[in-house]
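What you are looking at is a predicted structure, and each value in this text was computed from that prediction instead of being measured.
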Protein chains: 2
Amino acid sequence: MRSRIEDVAAAAGVSMKTVSRVLNNEPNVRDEMRQRVMRAVEKLKYRPNLSARSLAGQRSYVVALVYNNPSRNYLMEIQSGMLDACRDSHYNLVLAPVGSPRQRKTDDLKVVFEHFAPDGVVLIPPLTDDASVLDFLDEHEVPFACIAPKHPQGRIGVMMDETAAVLELMQGLVARGHRRIGHIKGPPAHGACQWRFKGYKDALRQAGIDYDPGLVAQGAFSFESGIEAGNQLLDLPRPPTAIFAANDDMAAGVIRAACQRGLAVPHDVSVCGFDDTPIARHIYPALTTVRQPTSEMGRLATVELLARIRSQGAGDMVRVEHEVLFRESTQPPTRR
Amino acid sequence: MRSRIEDVAAAAGVSMKTVSRVLNNEPNVRDEMRQRVMRAVEKLKYRPNLSARSLAGQRSYVVALVYNNPSRNYLMEIQSGMLDACRDSHYNLVLAPVGSPRQRKTDDLKVVFEHFAPDGVVLIPPLTDDASVLDFLDEHEVPFACIAPKHPQGRIGVMMDETAAVLELMQGLVARGHRRIGHIKGPPAHGACQWRFKGYKDALRQAGIDYDPGLVAQGAFSFESGIEAGNQLLDLPRPPTAIFAANDDMAAGVIRAACQRGLAVPHDVSVCGFDDTPIARHIYPALTTVRQPTSEMGRLATVELLARIRSQGAGDMVRVEHEVLFRESTQPPTRR
DNA sequence: CTGTTAGCGCATTCAT
DNA sequence: ATGAATGCGCTAACAG
């Protein structure tokens, strides 16, 4: 059988409570006691019982990853980073997809809360900007961390400077001689994409290029929406010489659209994406894109969340660095 | 505050035990009582407390997905299917990556068991054929379900007829006139790949084509390993006119390798993969491949596992159907 | 600094 | 077919 805290207490010759103190890093224990307890723990291979701990402590030791329909790869990376952080703190990760067909997001959320009673939540785009979800969490007074929120003020979590990243990417295109640069926007609900759009416009202004709304198409983050938006831009009387899509999947769709109409990438049109997902390296030509440390962002958001769970005011909005990667899909424009 | 079983009992005018009986579908309750309890549950919005239930019942209501390093997409699909099954049965899914660098798989497993004490485990390839993991689970008498095991005898879980699927795929190639068909094997530890390899050889035999070991290369399931193995086969004095890779990522690598040496797919060489992951439709040309209902397989494996958890002998090895998808990456060989 | 006592909310005996 | 008592393993409030 598994040993219990009582057994450890007996073996160490102390009370249960002292063992509890040591295990939970509480103050008011002499070093000698601490040592004795630790030795007993080792000897008996004691591991606390999660259920008992939760029941008595009125905590679940669960954090939930709440998501809508992000890209599979993005979700996977976030999840993997969160797992690392959870393991380090003996927390458990629960996956909470919400917004199933014909079901309101808050109804799904309610079910998750009734069942798991998570001590905290991590939100990723586009849910990180969803008013109904944010209101629900605020009402229930559940600590939560946001990843890449549109409005970081007063929130904890992790973000990067999306605008600056796009600015840098666009400057690279301009430096290569592009003046007609198209953009494919991400889903309107995705706040970070609005910063990417801002970066696009800022870069044009800095380069003294007039902003032309006709060069901007609406996408939905999917490969298929990239094909469609790509066709729309390439159908223009004077098509762009470069297209910046707000994520890699759409950029891959643009490349497909270009190929299908006999245009070579990057010879006839340069393409770039955002995220540096595996597809960026797997398609031909390899995609110029912006790398963000997605897995690390999942880990950091969880770390901040756990800090806040431990104490009211704790936790920050952490910033991470991006990296612009120029690969095969971009080159100077060809005179035609 | 949240209502407790005691409150429900009081509201329904019955004992706690009767409420417990109703909620757990135990026998020996009159219909009238059952109705009364259900009404009280509705009225009080009662939801059982997971921790209390686990503590008293000596069960964790947790199933673990134990994995090594499968393809991200595959893992995601399995996970998503498992989540569905878990939600339906009020179980919780715990992710258990094992075999971190310098850590033995069983050591990682031990940590997961000490912490979460899962009531059962789902294994996916290649771990589903890993002796050390299987032995560990058998020793600890933990119910587990296998997905796509090499040896299904005496196990529960879900599988498809990999050999038949490849046979069908190969027959399609042969019907299009291919006689020199290469194969890129998956990782040796991946049992299902051995059945795919068998399907490859069986198909050759049926078509009266001599098996040529020189046309078979070893891959590792990654895009990069596909490039390498593809180059190896295309470097042959008499290269194959078609190449069947044991998964889509490697097939994508073969296409890249072909392109880089100026060969057109499918004009100069046909390529096909296995799994029908998103990359199969995102690369150009779209990949001929075998679709397996991955997410459904995750769900079914969990359903069988939960059946076994509930009662000793229950649970089966379920079979699912494949589908061969001929797309752009295959055509009849060109005379050269 | 350390120990004692009393639940946390439920399932599980064993009565009736 | 139903109910009362007991305890799962731990933390929390209080006492020393």
Completion exercise
Looking only at D:dC14, C:dA11, C:dT4, the nucleotide nearest the B:Asn24 side chain is C:dA11
Handout entry: Per A:Ser20 side chain, nearest of listed nucleotides C:dT2, C:dC10, D:dT11
Key = D:dT11
Practice task
Could you work out which one of C:dT2, C:dC10, D:dC8 sits closest to the side chain of B:Pro48?
Solution key: C:dC10
Problem - Donor + acceptor pair across side chains of B:Ser132, B:Asp130 (<3.5 Å) - result: yes
Exercise for the section: Quick one: label A:Arg59 by what it contacts on the DNA or RNA (base, sugar-phosphate, nothing), any heavy atom closer than 4.0 Å. Expected result: sugar-phosphate
Completion exercise
Rounded to whole Å, CZ of B:Arg4 lies from P of C:dA11 at a distance of 14 Å
Completion exercise
Whole-Å distance, A:Asp7 CG to D:dG9 C1', equals 10 Å
Handout entry: Residue A:Ala52, side-chain atoms from C-beta onward, closest of D:dC10, D:dA12, C:dT12
Key = D:dC10
Problem - Short side-chain N/O contact to D:dT11 OP1/OP2 from A:Arg53, under 4.0 Å - result: yes
Exercise for the section: Please determine, for the side chain of B:Val14, which listed nucleotide (D:dC10, D:dG3, C:dT2) has the closest atom? Expected result: D:dG3
Exercise for the section: For B:Asn49, report the nucleic acid contact type (base, sugar-phosphate, nothing); a contact means any heavy atom under 4.0 Å. Expected result: sugar-phosphate
Exercise for the section: Ignoring hydrogens and angles, tell me if any N or O in the side chain of A:Asn92 forms a donor-acceptor pair with the backbone of A:Tyr61 under 3.5 Å. Expected result: no
Exercise for the section: May I ask you to evaluate whether B:Thr18 reaches the phosphate of D:dG3, defined as a side-chain N or O under 4.0 Å from OP1 or OP2? Expected result: yes
Practice task
Give a yes/no answer on whether the side chain of A:Arg34 brings an N or O atom under 4.0 Å of OP1 or OP2 in C:dC1.
Solution key: no
Exercise for the section: Using modelled atom types only, decide if a donor and an acceptor are shared between the side chain of A:Gln292 and the backbone of A:His322 within a distance under 3.5 Å. Expected result: no
Exercise for the section: Using a 4.0 Å heavy-atom cut-off across all strands, classify B:Met33 as base, sugar-phosphate, or nothing. Expected result: sugar-phosphate
